[in-house]
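Chain letters run A, B, ... following the sequence lines, proteins first and then strands; every chain starts at 1.
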Protein chains: 2
Amino acid sequence: MKTTRNTTAKTAVLEIFGKSKTALSHTEIYKQIEDVCDRVTVYRILDRLVNDDIVHKIVDLDGTVKYAKCHHHAQRVHIHNHAHFSCEKCLEITCLENVKPSYIMPHNYKVNNINFTLSGLCPNCLNSNI
Amino acid sequence: MKTTRNTTAKTAVLEIFGKSKTALSHTEIYKQIEDVCDRVTVYRILDRLVNDDIVHKIVDLDGTVKYAKCHHHAQRVHIHNHAHFSCEKCLEITCLENVKPSYIMPHNYKVNNINFTLSGLCPNCLNSNI
DNA sequence: AACCAAATTGCAACAATGTTGCGATATTAT
DNA sequence: ATAATATCGCAACATTGTTGCAATTTGGTT
């Protein structure tokens, strides 16, 4: 039974997530705390946070990997079945907590997880695009 | 007006796509034709094929980038709105041409493209898992 | 408060993946 | 056949992520 510990670096990472409304890449996080810890440490912290279901991993259409804090509802089993929006202009990724796709699968597939990412223009960029 | 040319390498890549039922990564493709052309050339060919809508790019839940040949239907505008399945066991990615998610978006978003990837066990691995 | 086991970190080194510049080559239209 | 240019090969670089190991830090226990 591995116990997780609270370290300075982990706290710093969580604080960054708390302040951000959008998903963050490893690089974006590391830039904000490069005086606190090593690059590798950030990778390991992110791995642990994902494992502990505190953060979830998002991959956008281009293959960019980002992380966002999980908003736990009253669910027992924690599945990230909400959608993500990737803005083509500002490159920000946001969680669309309320957008959940419905679909019909062929038989003989066992679905454990889904990733539903939409791309285009976010409200901000759509308005400034006139 | 850039015209695209048919080269030996491009033909070789297309032949590989023709034979494969699943999506392929750059590495998988390159391994099959490393005597035909350079690694960089494969990257550039894939870029062009995506641009010309002959192949589409798929990113799975882990961030692995793969490519699959497009199956054009009678549509004018070519949008890849079908789902992809990523098997956790054999790691293969297949197109689920008939699975299309339905969803409701908030206002003020302009959606240009979607990526709907499901992961779990494919029929093959599900059967051999007993 | 000191101690101990184990989780975490830093560092260095490596690996995989993707990009760029540029001179050389191959393709296509005329 | 020729000319324009799309494509290629090579080398070099950039980014992202991983691994091993010794040193440090943490949380619980005495």
Side-chain angles (χ1 to χ4, degrees), chain A residues 1-17 22-68 86 91-93 115 117, chain B residues 1-17 23-68 86 88 91-93 115 117:
Chain A
M1 60 186 99
K2 301 240 304 177
T3 63
T4 62
R5 293 177 179 177
N6 288 320
T7 65
T8 319
K10 185 179 167 185
T11 308
V13 170
L14 283 175
E15 206 164 311
I16 291 173
F17 275 122
T22 59
L24 301 168
S25 68
H26 166 270
T27 309
E28 288 166 338
I29 294 167
Y30 178 57
K31 270 186 197 156
Q32 295 190 45
I33 52 168
E34 47 188 347
D35 49 329
V36 175
C37 70
D38 193 69
R39 198 173 64 92
V40 179
T41 301
V42 175
Y43 276 114
R44 298 201 258 228
I45 289 174
L46 289 172
D47 280 349
R48 264 177 282 147
L49 291 178
V50 168
N51 251 302
D52 296 347
D53 263 347
I54 297 169
V55 148
H56 64 284
K57 185 176 174 179
I58 310 160
V59 179
D60 83 352
L61 299 191
D62 294 325
T64 312
V65 174
K66 299 210 173 184
Y67 301 86
S86 168
L91 301 181
E92 282 187 352
I93 295 184
N115 176 13
T117 307
Chain B
M1 59 189 99
K2 301 238 306 178
T3 63
T4 62
R5 293 178 179 178
N6 289 321
T7 65
T8 319
K10 184 180 168 185
T11 308
V13 171
L14 284 176
E15 207 165 309
I16 291 173
F17 275 121
L24 300 168
S25 68
H26 165 270
T27 308
E28 288 165 339
I29 294 167
Y30 178 57
K31 270 186 197 154
Q32 294 190 45
I33 52 168
E34 46 187 347
D35 49 328
V36 174
C37 69
D38 193 69
R39 200 173 62 92
V40 179
T41 301
V42 175
Y43 277 114
R44 297 201 257 229
I45 289 173
L46 289 172
D47 280 350
R48 262 177 283 147
L49 291 178
V50 168
N51 251 301
D52 296 348
D53 264 347
I54 296 169
V55 149
H56 65 284
K57 185 176 174 178
I58 309 161
V59 179
D60 83 352
L61 299 191
D62 294 326
T64 312
V65 174
K66 299 210 174 185
Y67 301 85
S86 167
E88 291 165 354
L91 302 181
E92 281 188 352
I93 295 184
N115 176 13
T117 307

Check: [Y] main-chain N/O paired with [X] side-chain donor or acceptor under 3.5 Å:
X       : Y       : answer
B:Asp62 : B:Thr64 : no
B:His26 : B:Tyr67 : no
A:Asp52 : A:Ile54 : no

Side-chain contact, heavy-atom cut-off 4.5 Å: [X] with [Y]?
X       : Y       : answer
B:Val55 : B:Val13 : no
A:Asn51 : A:Thr4  : no
A:Leu49 : A:Leu14 : yes

Worksheet item: A:Val36 and A:Ala9: which non-hydrogen atoms are nearest, and at how many Å?
Response: CG1-CA, 4.1 Å

Item to complete: Apply salt bridge (charged side-chain N to carboxylate O under 4.0 Å, His left out) to A:Lys10 and list each qualifying residue two or more places apart in sequence or on a separate chain.
Response: none

Nearest whole Å is fine: how far is [N] [atom2] from [X] [atom1]?
X       : N      : atom1 : atom2 : result
B:Leu46 : C:dT19 : CG    : P     : 10 Å
B:Asp62 : C:dT17 : CG    : P     : 13 Å
B:Tyr43 : D:dC10 : OH    : C1'   : 16 Å
B:Glu34 : D:dC10 : CD    : C1'   : 16 Å

Give me the distances for all protein-to-nucleotides 28-30 of chain D N/O pairs that come in under 3.5 Å?
none

Practice prompt. Only counting residues at least two apart or in another chain, list the ones meeting side-chain hydrogen bond (donor to acceptor under 3.5 Å, both in side chains) with B:Thr41.
Written response: none

Worksheet entry | Those residues that, when tested against A:Thr7, pass side-chain hydrogen bond (donor to acceptor under 3.5 Å, both in side chains) (two or more places apart) | none

Worksheet item: How sharply is the helix from C:dA1-D:dT30 to C:dT30-D:dA1 bent, taking the axes over five pairs at either end and rounding to 10 degrees?
Response: 30°

Discussion item. Test: salt bridge (charged side-chain N to carboxylate O under 4.0 Å, His left out). Region: residues 23-37 of chain B. Which pairs qualify, not counting sequence neighbours?
Written reply: B:Glu28-B:Lys66

Worksheet item: When rounded to the nearest 0.5 angstrom, what distance separates NZ in B:Lys57 from CG in B:Asn115?
Response: 11.0 Å

Discussion item. Using the side chain to side chain contact (heavy atoms under 4.5 Å, CB included) criterion, which residues pair with B:Asp47? Sequence neighbours excluded.
Written reply: none

Taking only N/O atoms, report every protein-nucleotides 8-12 of chain C pair under 3.5 Å with atom names and distance.
from: C:dT8; atom 1: OP1; to: A:Arg5; atom 2: N; distance (Å): 2.8
from: C:dT8; atom 1: OP1; to: A:Arg48; atom 2: NH1; distance (Å): 3.4
from: C:dT8; atom 1: O5'; to: A:Arg48; atom 2: NH1; distance (Å): 3.4
from: C:dT9; atom 1: OP1; to: A:Thr7; atom 2: OG1; distance (Å): 2.8
from: C:dT9; atom 1: OP2; to: A:Arg48; atom 2: NH2; distance (Å): 2.3
from: C:dG10; atom 1: OP2; to: A:Asp38; atom 2: N; distance (Å): 2.8
from: C:dG10; atom 1: OP2; to: A:Thr41; atom 2: OG1; distance (Å): 2.4
from: C:dG10; atom 1: N7; to: A:Arg44; atom 2: NH2; distance (Å): 3.0
from: C:dG10; atom 1: O6; to: A:Arg44; atom 2: NH2; distance (Å): 2.7

Response to the item:
So, with a heavy-atom separation below 4.0 Å from DNA chain D, the residues of residues 24-32 of chain B are none

